[in-house]
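For clarity, every value in this text was computed on a predicted model and none was experimentally measured. We're numbering straight along the sequence, starting at 1.
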Amino acid sequence: MRRGRCRRVLSSSDPLSRPTVAAGLGSAEGPGVRGPRGARVAGQQESESEAKVDGETASDSESRAEASPPLIPADDTPEVLNRAFSSLSSRWKNWWVRGILTLAMIAFFFVIIYLGPLVLMIIVMCVQIKCFHEIITIGYNVYHSYDLPWFRTLSWYFLLCVNYFFYGETVTDYFFTLVQREEPLRILSKYHRFISFTLYLTGFCMFVLSLVKKHYRLQFYMFGWTHVTLLIVVTQSHLVIHNLFEGMIWFIVPISCVICNDIMAYMFGFFFGRTPLIKLSPKKTWEGFIGGFFATVVFGLLLSYVMSGYRCFVCPVEYNNDTNSFTVDCEPSDLFRLQEYVIPGVIQSIIGWKIVRMYPFQIHSIALSTFASLIGPFGGFFASGFKRAFKIKDFANTIPGHGGIMDRFDCQYLMATFVNVYIASFIRGPNPSKLIQQFLTLRPDQQLHIFNTLKSHLTDKGMLTAAAEDE
């Protein structure tokens, strides 16, 4: 009796054990007991052997299921705020707590922007590590009772390997002159991909060597868990860094649009919300979704107009080899110069304007804010589905009233990918400085060949005269 009951407990608490449980349901009454139709219950020994292969016995499964701690984080609202809003209802208390901490996070965002690109890159890496930690911790808490060998060690090792690969690529692309000047960096840059592959291969072999017969299935589950987490967190945070190098405006505007949409959707939903939007997030409403969209588009236009007038925001972030620091000084491109646009006749009759002066980047900001308000929330819905799958409220309790860091950046990562693809598709062109850097690394005979080819090409186009060519 105990064995069958234990398996039922396990089936409700551990989704990964359902195949094993299903195979053993018939043995609940013990061996030798006949069912209603007089047939002996079969397959008990086979089910037990499968259970042992998967690394669990009935008694072990019950003890592990009962020992699993609750994953829902406790309320960690600061005591000061609890006392200040103790007289309010839980709805309004949550409103004020979220509002105050949101303002604090926005103030912190302004501070790190003021500190410059280098600090922003460090903050992005710190956020990436914390998000990775929160997701991996969920996996570890769910399956910690199985005592999987090397799970956390290998997870952090793979994080190190992937970061080495991505940031090594970034250093090679954006710090080319510095890399070529220092011999150790030049060697690391030349063999960077081989070194990265070797590091990953080492972790792969360590995983294979750590496989234990009774834990095969769970170990491969967690191996996939780690790699999906790396794909979601590390890859997209790397794209955030690339967006930053294109100009701080490509970093600040998209992030600000996501923040604005999150705030305005909450406010519209709080005051006017009546119609549920999606079952994954019962508190989301159509009123908040639509109101957040229009508010975000207007906010994006205004913020883009203000930021487009400052070189420190629109110029690409470049490394100055003379001062060994980042510079953001350049001649703004046409994208950030005021131009006149003729308003369509239908709209003219409404607003009374025929011509409007605006920056071309503001047109692109409409695309960014539209994505942030219509598609970006699906990153949050995805995270909500993930949390519901594991019956947890938040990824962590780092920020009172907001959950973990991953709870705040679930939409940001999706937005970063879109911005990177958008820049590559519609904005970025060939970079002359990078072409020259690559040209200078060639052998003299290769440089001479390219020079003669380029000279002949320009002469054929009439850009160089024969006299200039002879000189």
Please confirm whether the backbone N or O of [Y] pairs with a side-chain atom of [X], one donor and one acceptor, at under 3.5 Å?
| X | Y | answer |
| --- | --- | --- |
| N452 | L448 | yes |
| D407 | G404 | yes |
| S189 | L185 | no |
| N420 | A416 | no |
| S369 | I366 | yes |
| Q219 | V212 | yes |

Tell me, do [X] and [Y] make a side-chain contact under 4.5 Å, heavy atoms counted?
| X | Y | value |
| --- | --- | --- |
| T202 | Y157 | yes |
| I129 | W156 | yes |
| I249 | Y310 | no |
| I106 | I263 | yes |
| M248 | P117 | yes |
| M125 | S237 | no |
| F158 | F132 | no |
| I255 | Q412 | yes |

Rounded to the nearest 0.5 Å, what separation is found between the [atom1] atom of [X] and the [atom2] atom of [Y]?
| X | Y | atom1 | atom2 | answer |
| --- | --- | --- | --- | --- |
| D173 | H242 | CG | NE2 | 6.0 Å |
| M406 | T229 | CE | OG1 | 8.5 Å |
| L239 | L244 | CG | CG | 12.5 Å |
| L160 | L199 | CG | CG | 7.5 Å |
| T296 | I259 | OG1 | CD1 | 11.0 Å |
| T137 | N141 | OG1 | CG | 6.5 Å |

Assess the pair [X] and [Y]: is the distance between their ring centroids shorter than 6.0 Å?
| X | Y | value |
| --- | --- | --- |
| F175 | F326 | yes |
| F197 | Y200 | no |
| Y167 | H192 | no |
| F336 | W250 | no |
| Y221 | F151 | no |

What are the two closest heavy atoms between [X] and [Y], and how far apart are they?
| X | Y | value |
| --- | --- | --- |
| Q128 | Y413 | CA-OH, 3.7 Å |
| L154 | S210 | CD1-OG, 4.1 Å |
| G292 | S373 | O-CB, 4.3 Å |
| A383 | F395 | CB-CE1, 3.9 Å |
| P360 | L335 | CD-O, 3.3 Å |
| I405 | C131 | CG2-SG, 3.8 Å |

Around atom [atom1] of [X], are there more than 12 heavy atoms of other residues, nucleotides or ligands at under 6.0 Å?
| X | atom1 | answer |
| --- | --- | --- |
| R193 | CZ | no |
| Y191 | OH | no |
| H133 | NE2 | no |
| F418 | CZ | yes |
| H227 | NE2 | yes |

Q: Begin with the C-alpha distance, continue with both residues' side-chain angles, and end with the deciding distance and a verdict on side chain to side chain contact (heavy atoms under 4.5 Å, CB included) for H449 and T453.
A: CA-CA 6 Å; H449 174 72; T453 303; 3.9 Å; yes

Q: Please test F386 against W225 for ring pair (Phe, Tyr, Trp, His ring centres under 6.0 Å), starting from the C-alpha separation and ending with a verdict.
A: CA-CA 12 Å; F386 179 88; W225 182 296; 5.8 Å; yes

Q: Evaluate side chain to side chain donor-acceptor pair (under 3.5 Å) for S304 paired with Q362, printing each intermediate quantity in order.
A: CA-CA 6 Å; S304 300; Q362 289 181 271; over 6 Å; no

Q: Determine, step by step, whether K387 and D394 satisfy the side chain to side chain contact (heavy atoms under 4.5 Å, CB included) criterion, reporting the C-alpha distance in whole Å, the side-chain angles of both residues, the deciding distance to 0.1 Å, and the verdict.
A: CA-CA 7 Å; K387 289 182 286 187; D394 297 310; 4.2 Å; yes

Q: For side chain to side chain contact (heavy atoms under 4.5 Å, CB included), just list the numbers for T235 and L230, CA-CA rounded to whole Å, side-chain angles, deciding distance to a tenth of an Å, and then say yes or no.
A: CA-CA 7 Å; T235 304; L230 292 172; over 6 Å; no

Q: Please lay out, stage by stage, how F207 and F220 fare under the test ring pair (Phe, Tyr, Trp, His ring centres under 6.0 Å).
A: CA-CA 9 Å; F207 168 75; F220 277 102; 5.3 Å; yes

Q: For the residue pair F378 and F381, categorise the inter-ring angle as parallel (less than 30°), tilted (30 to 60°) or perpendicular (more than 60°).
A: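 F378 and F381: perpendicular rings.
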
Q. Can you check side chain to side chain contact (heavy atoms under 4.5 Å, CB included) on V124 and F251, steps first, answer last?
A. CA-CA 11 Å; V124 169; F251 174 85; 4.1 Å; yes

Q. Given H238, which of Y164, F165, F166, F245 fulfils the ring-ring contact (aromatic ring centres under 6.0 Å, His included) condition?
A.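 Only one option passes, and that is F166.
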
